[in-house]
Asker: 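One structure, pasted below without further comment.
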Amino acid sequence: SQKIEQNSEALNIQEGKTATLTCNYTNYSPAYLQWYRQDPGRGPVFLLLIRENEKEKRKERLKVTFDTTLKQSLFHITASQPADSATYLCALLDTGFQKLVFGTGTRLLVSP
Amino acid sequence: NAGVTQTPKFQVLKTGQSMTLQCAQDMNHNSMYWYRQDPGMGLRLIYYSASEGTTDKGEVPNGYNVSRLNKREFSLRLESAAPSQTSVYFCASSEFGSGIQQGYGYTFGSGTRLTVV
């Protein structure tokens, strides 16, 4: 069956360190992979999109990698800040379907 | 402010009651979606509308109906609410195709918290 897996345990790191979140998927052939941020009581907010033919994408302190052989994406936040504390969602878009499928998300807690 | 607007923000229903969740977007997007979010389950697609005049079932459509009223509005109806439909409901919109290729994602509303007792 198709599955998108993100670490359900919260990731706790200290301010200034790099946070790395993992997204693994099985039985998908995604053309695009996206990352979203969700704060409590709010809707997800789009952060980054990476295409299947791209290995890495950067935006300010954010970096996403996409390895279609390993079926894995890594999401990095460098120089993390307490304001980065949130739940981060991985999502896949298969060009065969006009819809996005989400992982369950990983909660990030950045301590001062 | 551009975005996706959902109403109501909170709702409590009794089992068997019906209601409609409203969603409107002002970004001229072609595609709209309804998701529900439950603890430990993540976001699951209920229904989607790839373009005005079309609707399709998602992963968990049972117990729901939708209407794409026009390009801006996409409503979700619960005909006979059940406790299993207690959840947070999110509406989203996107410009599939050119938008995705240009690197844009989905825009979500702030959600409707629904409790069925």
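Each chain gets a letter, A, B and so on, in the order the sequences are listed, and its residues count up from 1.
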Asker: With hydrophobic residues grouped by side-chain heavy-atom distances under 4.5 Å, do A/Leu21 and A/Leu47 end up in a single group?
Answerer: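 Same cluster.
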Asker: A/Val45 and B/Phe108: same hydrophobic cluster, using ILVMFWY side-chain contacts below 4.5 Å?
Answerer: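 No, it is not one cluster - the side chains of A/Val45 and B/Phe108 are not joined through contacts under 4.5 Å.
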Asker: Test of understanding: clusters of I, L, V, M, F, W, Y form through side-chain heavy atoms closer than 4.5 Å, transitively. Do A/Leu108 and A/Ile4 belong to the same one?
Answerer: yes
Asker: Quick check for you: to the nearest 0.5 Å, what is the distance between B/Ser94 atom OG and A/Leu93 atom CG?
Answerer: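 Going from OG on B/Ser94 over to CG on A/Leu93, the span is 8.0 Å.
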Asker: For chain B, which residues from residues 70-81 of chain A have at least one heavy atom closer than 4.5 Å to it?
Answerer: none
Asker: Looking at every heavy atom in both B/Leu43 and A/Pro44, which two are closest together, and how far apart are they?
Answerer: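 Heavy-atom minimum between the residues: CD1-CG, 3.7 Å.
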Asker: Treating Ile, Leu, Val, Met, Phe, Trp and Tyr as nodes and any side-chain heavy-atom pair under 4.5 angstrom as an edge, say whether B/Val60 and B/Leu13 lie in one connected cluster.
Answerer: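 In one cluster: yes.
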Asker: Is it the case that more than 12 heavy atoms not belonging to B/Met41 sit under 6.0 Å from its CE atom?
Answerer: no
Asker: With the 4.5 Å side-chain cut-off for hydrophobic clustering, are B/Phe74 and B/Leu114 part of the same group?
Answerer: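 B/Phe74 and B/Leu114: one cluster.
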Asker: Under 6.0 Å between ring centres, would you say that holds for B/Tyr35 and A/Phe102?
Answerer: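 Yes, the ring of B/Tyr35 comes within the 6.0 Å limit of the ring of A/Phe102, centre to centre.
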Asker: Side chain from CB out, backbone as N, CA, C, O: work out which of these in A/Leu48 comes under 4.5 Å of a heavy atom of chain B, or both, or neither.
Answerer: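 A/Leu48 has no heavy atom closer than 4.5 Å to chain B.
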Asker: Quick one, B/Leu45 and A/Val101 - any side-chain contact, counting heavy atoms below 4.5 Å?
Answerer: no
Asker: Report yes if some heavy atom in the side chain of B/Phe90 is under 4.5 Å from a heavy atom in the side chain of A/Arg42; otherwise report no.
Answerer: no
Asker: Counting only non-hydrogen atoms closer than 4.5 Å, does B/Gln37 touch chain A with its backbone (N, CA, C, O), its side chain (CB onward), both, or neither?
Answerer: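 It is the side chain, since no backbone atom gets that close.
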Asker: What are the two closest non-hydrogen atoms of A/Phe46 and B/Tyr106, and how far apart are they?
Answerer: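 For A/Phe46 and B/Tyr106, the tightest heavy-atom pair comes out as CB-O, 3.8 Å.
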Asker: Which atoms of B/Arg44 come close to chain A, meaning under 4.5 Å heavy atom to heavy atom: side chain ones, backbone ones, both, or neither?
Answerer: neither
